[in-house]
Amino acid sequence: MNVLARDIMTPSVKAVSASWTMDHLARFLTENEITGSPVVDDNNDIVGIVTLKDIAEFRWSSDRKPKAWARLGPEEQREARRLRLAFLEEMTRLPVEVRDIMTPQVFSVDESTPVRDIADIMMGEHLHRIFVKNDQKITGIITTYDMLKLISDKSLTRRCAASD
């Protein structure tokens, strides 16, 4: 008997608003001890996904020097640094919203999808989480942690082996 998405999914999905600030998002993820969440718009439709990695990449890219930096002379580097600092200072006055850092692509599977197919999708797309749907409605989420349950739960491991 196949192990299906509904057998291992986490049924409670905590979504965040696209209009939340990045700071609000960071607090939410930390308080809920999760590393990512679906993003919903004002109609409560899922429009993307956001993770701690998105926050880190945004912070990192704002501190990083572009590759063209090395081609500038000393005076040009000073002026570029001055302009960059002025720009970043102005940017910090405006709150960065979730919609600014989220990934707008959402991957999902049906509740009846075999876990082997889910593993193939997650590996092929380099995903750490995938949504589970039933009649176009999100009913759960499968994370890499949920996939590890297949190994640690002996009955699920036997079911997977038996379906080969």
Side-chain angles (χ1 to χ4, degrees), residues 1-64 66 88 91-164:
M1 170 158 82
N2 274 339
V3 179
L4 307 176
R6 73 172 68 88
D7 298 326
I8 65 164
M9 72 180 193
T10 301
S12 57
V13 180
K14 294 178 170 130
V16 301
S17 171
S19 63
W20 281 10
T21 64
M22 190 166 55
D23 290 338
H24 186 175
L25 169 67
R27 279 192 310 278
F28 173 83
L29 294 175
T30 302
E31 288 168 4
N32 287 283
E33 297 179 340
I34 56 178
T35 59
S37 183
V39 180
V40 294
D41 62 13
D42 294 335
N43 298 322
N44 227 23
D45 293 324
I46 293 181
V47 293
I49 188 160
V50 68
T51 67
L52 286 174
K53 182 180 175 193
D54 296 316
I55 295 171
E57 284 179 349
F58 179 83
R59 297 275 191 213
W60 179 74
S61 67
S62 66
D63 292 338
R64 190 172 65 130
L88 290 173
M91 234 174 80
T92 58
R93 292 180 191 187
L94 297 171
V96 176
E97 294 183 344
V98 169
R99 69 174 46 96
D100 300 322
I101 64 170
M102 71 177 197
T103 301
Q105 190 173 18
V106 178
F107 286 89
S108 65
V109 295
D110 186 76
E111 284 184 353
S112 61
T113 305
V115 293
R116 190 170 308 278
D117 295 348
I118 296 167
D120 289 343
I121 294 167
M122 290 176 78
M123 293 294 292
E125 297 295 334
H126 304 283
L127 303 175
H128 290 277
R129 60 197 53 79
I130 192 165
F131 297 108
V132 182
K133 288 184 174 182
N134 184 2
D135 292 331
Q136 298 305 309
K137 182 179 180 289
I138 299 288
T139 57
I141 187 168
I142 294 175
T143 65
T144 48
Y145 179 80
D146 296 312
M147 295 300 278
L148 285 172
K149 288 182 212 173
L150 293 170
I151 298 168
S152 65
D153 184 316
K154 288 182 171 56
S155 67
L156 288 174
T157 303
R158 279 193 288 274
R159 282 176 57 194
C160 281
S163 67
D164 283 345

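If you read the sequence from its start, that first residue is 1, and numbering goes on from there.
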What is the minimum heavy-atom distance between [X] and [Y], and which atoms define it?
X: I138; Y: I46; answer: CG1-CD1, 3.2 Å
X: L25; Y: V50; answer: CD2-CG2, 3.5 Å
X: S37; Y: A15; answer: OG-CA, 3.5 Å
X: E97; Y: A18; answer: CB-O, 3.8 Å
X: V109; Y: A5; answer: CG2-CB, 4.3 Å
X: I55; Y: I101; answer: CG1-CD1, 3.9 Å

Flag the pair [X] / [Y] as yes when at least one side-chain heavy-atom distance between them is below 4.5 Å, and no otherwise.
X: V106; Y: P38; result: no
X: F28; Y: I34; result: yes
X: I8; Y: L150; result: yes
X: V47; Y: M102; result: yes
X: T35; Y: T51; result: no

So for atom [atom1], which belongs to [X], do other residues, nucleotides or ligands contribute more than 12 heavy atoms lying within a distance under 6.0 Å?
X: D45; atom1: CG; value: yes
X: H128; atom1: NE2; value: no
X: F107; atom1: CZ; value: yes

side-chain contact (heavy atoms from CB on, under 4.5 Å) assessment of R159 paired with D7 | CA-CA 11 Å; R159 282 176 57 194; D7 298 326; 2.9 Å; yes

Donor-acceptor side-chain pairing of [X] and [Y] below 3.5 angstrom:
X: T139; Y: R6; value: no
X: D110; Y: S112; value: yes
X: T143; Y: D146; value: yes

With side-chain contact (heavy atoms from CB on, under 4.5 Å) as the test, would you mind laying out the steps for I142 and M147 before giving the verdict?
-> CA-CA 7 Å; I142 294 175; M147 295 300 278; 3.8 Å; yes

From [X] atom [atom1] to [Y] atom [atom2], the distance as rounded to the nearest 0.5 Å:
X: M9; Y: I130; atom1: CE; atom2: CD1; value: 13.0 Å
X: T113; Y: K133; atom1: OG1; atom2: NZ; value: 11.5 Å
X: K14; Y: E31; atom1: NZ; atom2: CD; value: 11.0 Å
X: R27; Y: N32; atom1: CZ; atom2: CG; value: 12.5 Å

Donor-acceptor pair, side chain of D41 and main chain of N43, under 3.5 angstrom | yes

S108 side chain to V132 main-chain N or O, any donor-acceptor pair under 3.5 Å?
-> no

